[in-house]
Amino acid sequence: MRKLHFFSQQPTNSAIIDSTTGNVLYEFFTTDATTDMASEGGERVKVTTMWNAQRQVVALYTHGSGASKEEVTYLGQTRCVDDWLVWSSKPGTPKSSNSTVRECQFLIPHGKTYRWTYHRDDTKDRRFAIFPSDQTTTYELYECETGQFLANGYRPQQGGLFACTRKLKLAVMADGEAMLDAIVLTFVLCVCNPL
């Protein structure tokens with residue numbers, strides 16, 4: 001198993017570090033791009049670039065209020081994020097529950113479909129709290145056809161008046177090593193599109 005952690009609290013502006021070796025495996029960097037209308041009061045488009053350790057571009061993620069649609073370019077293919085990452089709520093989660101579960105499926109070029117399960121659990125009932133409680137968001141990645149577990153990640157968050165978000169962590173099983181770039185990319189995209 002390979003354990004990774006994010007150097008920054010912002011996943012789209014962070015280095016992803018191998019927790020065992022301390023080596024930087026990937027970097028995400030976001031810049032603002034100007035739209036044609038920006039000089040006339042238009043909005044900005046953000047472009048997030050994902051590099052590997054050899055400084056080769058792995059993916060581009062176009063997003064922001066000025067983007068007509070969110071797009072990701074990965075392995076030379078550009079797709080709408082909503083077409084590539086298909087979100088669904090998991091049935092059977094009671095509305096009164098302190099947890100929320102969603103799933104996100106994606107297909108990578110070699111033809112297999114994978115599913116991130118996204119689960120947020122509150123440790124206290126927030127409806128009656130003056131200071132919201134701590135919560136943890138967890139992510140688990142499975143191969144859809146076989147149900148094989150490939151990775152998990154989490155983002156602990158501390159609520160309250162002076163809320164802070166702690167850094168993301170990701171653990172990738174040996175069977176997921178061959179698609180590490182896709183795992184890291186989709187993990188970041190899932191984190192950037194919260195419930």
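The chain is numbered in sequence order, starting from 1. Note that these values count all heavy atoms, side chains included, but never hydrogens, waters or copies made by symmetry.
Using a 4.5 Å heavy-atom cutoff, the side chains of Glu71 and Thr73 are not in contact. Between Leu25 and Leu4 there is a side-chain heavy-atom pair separated by less than 4.5 Å. Within the 4.5 Å cutoff, no side-chain heavy atoms of Lys112 are placed close to those of Glu145. Within the 4.5 Å cutoff, the side chain of Leu85 has no heavy atoms near those of the Trp116 side chain. Between Phe6 and Phe187 there is a side-chain heavy-atom pair separated by less than 4.5 Å. Using a 4.5 Å cut-off on side-chain heavy atoms (C-beta onward), Leu60 and Val47 make contact. Residues Tyr139 and Leu170 fail the side-chain proximity criterion, which asks for heavy atoms closer than 4.5 Å. Looking at Val184 and Met50, their side chains come closer than 4.5 Å, going by heavy atoms from C-beta outward.
Val58 and Tyr74 get closest at one heavy-atom pair: O-CD1, 3.7 Å. Closest approach of Cys80 to Lys69, counting heavy atoms only: SG-CD, 3.3 Å.
The salt bridge (Lys or Arg N to Asp or Glu O under 4.0 Å) search around Glu140 returns none, not counting sequence neighbours. Judged as a salt bridge (Lys or Arg N to Asp or Glu O under 4.0 Å), and not counting sequence neighbours, the contacts of Arg2 are Asp18, Glu177.
Taking CD1 from Ile17 and OH from Tyr26, the interatomic distance works out to 14.0 Å, rounded to the nearest 0.5 Å. To the nearest 0.5 angstrom, Asn152 atom CG is 11.0 Å from Thr117 atom OG1. Atom CH2 in Trp84 sits 9.5 Å away from atom CG in Leu107 (nearest 0.5 Å). Separating the NZ atom in Lys46 from the OG1 atom in Thr62 is a distance of 12.5 Å, to the nearest 0.5 Å. Distance check: Ser14 OG to Leu168 CG gives 7.5 Å after rounding to the nearest 0.5 Å.
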Take Phe28 and Thr30 through the side chain to side chain contact (heavy atoms under 4.5 Å, CB included) test and state the conclusion after the steps. CA-CA 7 Å; Phe28 285 84; Thr30 301; 5.9 Å; no
Please test Met179 against Tyr114 for side chain to side chain contact (heavy atoms under 4.5 Å, CB included), starting from the C-alpha separation and ending with a verdict. CA-CA 11 Å; Met179 56 179 281; Tyr114 298 87; 3.5 Å; yes
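Among residue pairs with one or both ends in residues 79-88, none qualify as salt bridge (charged side-chain N to carboxylate O under 4.0 Å, His left out); sequence neighbours excluded.
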